[in-house]
Amino acid sequence: SSIWGGSAPSMPYTTDENGEINVSDLTLGSYYFQETKAPAGHVIAEEPKSFEIKSNGAKTTFTFVNSEVRANAKLVKNDNNSSVLAGAEFTLYLADDSVVATATSEAGTGLVEFTDLAPGSYKVKETGTPLGYVSSNAVYEFTIVYCNIDFENKCFLTEKAEKIKTIQIFLKKGAKT
């Protein structure tokens, strides 16, 4: 985080182990404080905090709220002829086999999407098939290792299955805090 305005040196400040920053010896004047780097796995609080020092010894307190970075995983279901297939059900599991969500491939696109995923290890398995088709027994594993939004959007993904290339991870700003 950095502070600008009045007599403040425009220099970076880092939160302590309690997530706090204490700045002293500011002269009278108007200032703003801007977060420039969020904790790992969180989104930068984009709005600067403005404040004014109107008297000697005045104190002000404010809080930046950083929401967690979340990701969406998408896959496309194809039949043996590489045509998109609607109506196939997929279940998303955590590494411990607990169910996170189920989704069905869409008509016309074969798209299956799981949204609002936190960093962690996941498995996807086809758990329902359209009439006339045989289920694939394949399990696709992937790990959303670390997501961070600074001034660039980055989400790092490890792949643990040969056919995982059909899964794409899209980073989004989450609303979870």
Nearest heavy atoms of [X] and [Y], plus distance in Å:
X    : Y    : answer
T27  : I53  : O-CB, 3.8 Å
K123 : D97  : NZ-OD1, 2.8 Å
A86  : A107 : CB-CA, 3.4 Å
K49  : F62  : CG-CD1, 3.4 Å
L75  : V124 : CD2-CG1, 3.7 Å
L92  : L117 : CD2-CD2, 3.6 Å

Taking the side chain as every heavy atom from C-beta outward, state whether [X] and [Y] have any atom pair closer than 4.5 Å.
X    : Y    : result
Y122 : T143 : no
V76  : V112 : no
V99  : L94  : no

Check whether NZ of the Lys or CZ of the Arg K74 lies under 6.0 Å from the centre of the six-membered ring of F114 and within 45 degrees of that ring's axis.
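Judged by the rule, K74 and F114 form no cation-pi pair.
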
Could you give me the CA-CA distance, side-chain angles and deciding distance for V134 and T129, then say whether side chain to side chain contact (heavy atoms under 4.5 Å, CB included) is met?
CA-CA 7 Å; V134 176; T129 58; over 6 Å; no

Is there a path of hydrophobic side-chain contacts, each under 4.5 Å between heavy atoms of I/L/V/M/F/W/Y residues, joining Y93 to V139?
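V139 does not cluster with Y93.
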
Connected via hydrophobic side-chain network under 4.5 Å: V84 and Y133
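Not linked; separate clusters.
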
Side-chain donor/acceptor of D16 to backbone N/O of I21, under 3.5 Å:
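Checked: no pair found.
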
Let me confirm one number: the [atom1]-[atom2] distance from [X] to [Y], rounded to the nearest 0.5 Å.
X    : Y    : atom1 : atom2 : result
L85  : S105 : CG    : OG    : 5.5 Å
T104 : E89  : OG1   : CD    : 5.0 Å
Y31  : T60  : OH    : OG1   : 12.0 Å
K125 : T102 : NZ    : OG1   : 14.5 Å

Compute whether any side-chain donor of one residue and acceptor of the other, for S83 and N81, lie under 3.5 angstrom apart.
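There is no such pair between these side chains.
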
Yes or no on salt bridge (Lys or Arg N to Asp or Glu O under 4.0 Å) for K77 and E126, after CA distance, side-chain angles and deciding distance?
CA-CA 9 Å; K77 175 62 178 173; E126 186 175 353; 2.9 Å; yes

Aromatic ring proximity, centroids under 6.0 angstrom, F51 and Y32:
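No; F51 has its ring centre 6.0 Å or more from that of Y32.
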
If you draw a 6.0 Å radius around CD in E52, do more than 12 non-hydrogen atoms from other residues or ligands fall strictly inside?
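Check passes, neighbour count above 12.
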
